[in-house]
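Working notes, structure below.
Residue numbering restarts at 1 for every chain, and letters A, B, ... go by the order of the sequence lines. All figures in this text were calculated on a predicted structure; none of them were measured in a lab. Below, all heavy atoms of this structure are taken into account, side chains as well, without hydrogens, waters or symmetry copies.
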2 protein chains.
Amino acid sequence: MKEGPDISQIGALIGDPARANMLTALMGGQALTASELAGAAGVTLQTASTHLSRLEAGGLIAQRKQGRHRYFALADDEVGLLLENIMGFAANRGLMRSRPGPKDPALRKARVCYNHLAGDFGVRMLDRLVADGDVALDGGEASLTPSGEARIAAIGIDLAALKTQRRPVCRTCLDWSERRSHLAGSLGEALLARFIADGWAKREKDSRAIRFTAEGERRFLALFPE
Amino acid sequence: MKEGPDISQIGALIGDPARANMLTALMGGQALTASELAGAAGVTLQTASTHLSRLEAGGLIAQRKQGRHRYFALADDEVGLLLENIMGFAANRGLMRSRPGPKDPALRKARVCYNHLAGDFGVRMLDRLVADGDVALDGGEASLTPSGEARIAAIGIDLAALKTQRRPVCRTCLDWSERRSHLAGSLGEALLARFIADGWAKREKDSRAIRFTAEGERRFLALFPE
DNA sequence: CGAATGCTTCGGCTACCATCGAAGTATGAA
DNA sequence: TTCATACTTCGATGGTAGCCGAAGCATTCG
C-alpha cells in the first residue's frame with residue numbers, strides 16, 4: 001500500500017546479526033570465500049551459505065567463481081556507501097559490536113571503506129582537495145577541477161582509464177568516525193591502491209584498519225597537509 | 001566479536017514491514033497517533049503499540065503525550081536522513097511498495113522529507129543556492145555564506161533564531177528520486193514552513209506530496225531559477 | 001580414476017516474534 | 001462518578017527463519 005520505496009527488504013537483510021557481520025567483513029573491500037565469511041559471522045558453513053544466497057538475491061553482494069573457490073564481495077559502491085551510512089548512524093547511537101578496544105583508534109585514524117580510504121586520513125584528504133579547489137562539491141556530487149586533474153595525474157593515476165568506466169569517478173561517502181565526508185568513487189579506490197602499491201600503507205589482516213609506515217605517513221601528510 | 005558499529009539492530013527495526021510502513025508514514029514530518037500509525041501499517045492497535053515501543057527503545061522515534069493522545073514522530077533529523085538514504089538505495093534497485101501510480105510524479109516533483117523540501121524542487125533550490133555562492137559545500141557539510149545569509153533573511157526567515165538551536169542550520173540530504181542532494185537542517189525546515197505559511201504550497205493529505213499553487217510555483221521558480 | 005576440498009541443498013528442530021483477542025490503565029467528557 | 005476514548009499489557013497462537021547434521025554436487029589434485 002502507499003507510494004514510495006520499500007525499505008523493509010533492505011532492513012531485513014541487514015537485520016540479521018550473521019548477515020550484518022558478513023557485510024561488515026566485506027566492507028574490508030576484499031572478496032572473501034564462503035568459509036571465511038562463515039568464520040566472520042560465527043556460524044557454520046551451511047548456515048553461511050544460506051545467508052549468502054539471500055544477500056545475493058537481494059542484490060547486496062555478488063559472487064565470482066574461481067576454481068573451487070567462490071569469492072563474495074559487495075555488489076557495488078552503492079552498497080558500501082549505504083553500509084557506511086548506517087554504521088555512522090549506529091555509531092552515533094553508541095551501538096557497537098564490542099567495547100572500544102585497542103584497534104579502535106587505528107580504525108579511526110585510517111581504514112578501508114569497501115575500496116577507498118576512510119577515517120581521519122580519508123577525511124583530511126578530501127578536505128585538502130576541496131580547500132585547494134581541486135575537487136568541486138555540488139549538491140552531493142563531486143567532480144575534479146582542471147587543477148585537480150593535474151594533481152591526480154602527478155600522483156601517478158591514469159585518469160583517462162577511470163573515466164572510461166561507467167562508475168562515477170568522484171563520490172563522497174559519509175564517514176562514521178569523523179561524521180564528515182571522504183572521497184569514494186573510482187578515484188577514491190585508485191588513490192588507496194596507489195598508496196598501498198607505493199608501500200606507504202598496508203591493510204591489517206582481519207581488520208578494516210590501514211597502517212601507514214612512518215615514511216608513508218610523512219609523504220601522505222606532505223601531499224595533503226592539514 | 002570484531003570492531004566497528006553494529007548495524008544489525010537498526011536493520012532489524014527497519015526490517016519488519018509494519019515498522020517500515022510506520023517509519024515511512026512518519027517521514028511525512030507530522031507527528032501521528034498510534035491509531036493512525038496502526039492504520040498506515042495495516043495492523044491492529046495492539047500490534048502497532050508493540051512496534052512503537054520497540055522503535056522508541058531503538059531510538060528511532062520519540063513520543064509526546066498530549067491529553068489522551070500520544071503523538072509519535074521521528075526522533076531527530078538524523079533518522080530522517082538515514083531513512084531517505086535507504087529509500088534512495090531501495091528505489092535504485094526497483095524495490096517499490098507499489099507499482100508507480102498517479103501520485104508518483106507528484107512525489108518526484110515536490111515532497112516533504114521529514115521536515116524539509118525534497119524532490120525536483122528541493123534539489124533545484126539547493127543547486128541554485130550553491131551556484132549563486134550562497135551555500136558552501138565542504139566535505140558533506142554545508143554552510144551559509146554572507147550573501148546566502150542576506151538572501152535567506154530577505155525571504156523572511158529569522159536566521160538568528162535558527163542559530164541558537166543545537167541542530168545544524170544547514171545539512172544536505174540525498175534525494176531518492178533525483179539521486180542528488182537537497183537542503184535539510186533547520187534552514188531546510190524553515191524554508192518549507194515559509195513556503196507553506198505564504199500559501200505557495202500545501203501538503204497533500206495522507207501522502208508526502210507537496211502541491212504548489214500556480215502562483216506559488218511561479219514565485220518559487222522566480223526565486224530559484226533553473 | 002579416486003580422494004580431498006569447497007560449497008550447496010535437504011530435513012528437522014528450535015526459538016523468536018508478529019499478530020490478535022481480551023483484559024487492564026489512563027485521560028477526558030458527561 | 002460514570003462512561004467513553006486512547007492506548008498498553010497479557011496471553012496464546014502460528015508462522016517464519018535461523019541453525020546445524022548429513023548428504024549431495026562440483027572442482028581440483030595426486
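- There is a side-chain donor-acceptor pair under 3.5 Å between B/T44 and B/Q46.
- Near DNA chain C, meaning a heavy atom under 4.0 Å away, the residues from residues 47-58 of chain A are A/S49.
- Heavy-atom neighbours of A/R203 CZ from other residues, nucleotides or ligands within 6.0 Å: above the threshold of 12.
- Contact annotation: the side chain of B/I7 never approaches that of A/W176 to less than 4.5 Å [non-hydrogen atoms, C-beta and beyond].
- Extent of DNA chain D lying under 4.0 Å from chain A heavy atoms, first and last nucleotide in 5' to 3' order, is D/dA17 to D/dC29.
- Aromatic ring orientation, B/F195 versus B/F224: perpendicular (interplanar angle above 60°, classes split at 30° and 60°).
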Report task. Quick one: do B/R70 and B/E56 satisfy salt bridge (charged side-chain N to carboxylate O under 4.0 Å, His left out)? Show the steps, please. Result -> CA-CA 13 Å; B/R70 235 162 244 217; B/E56 192 180 6; over 6 Å; no

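- By the 4.5 Å heavy-atom criterion applied to side chains, A/F121 and A/E217 are counted as neighbours.
- In this structure, the side chains of A/L52 and A/Q63 stay at 4.5 Å or more apart for every pair of heavy atoms.
- Ion pair A/D175/A/R111 flagged as a salt bridge, since at least one NZ, NE, NH1 or NH2 atom sits closer than 4.0 Å to an Asp/Glu carboxylate oxygen.
- Environment of CZ in B/R211: sparse, with no more than 12 heavy atoms of neighbouring residues, nucleotides or ligands closer than 6.0 Å.
- Taking a heavy-atom distance under 4.0 Å as the criterion, the stretch of DNA chain C touched by chain A extends 5' to 3' from C/dA4 to C/dT9.
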Requested in this report: Given salt bridge (charged side-chain N to carboxylate O under 4.0 Å, His left out), test A/E84 with A/R171 step by step and report yes or no.
Outcome: CA-CA 13 Å; A/E84 182 81 0; A/R171 283 192 103 141; over 6 Å; no

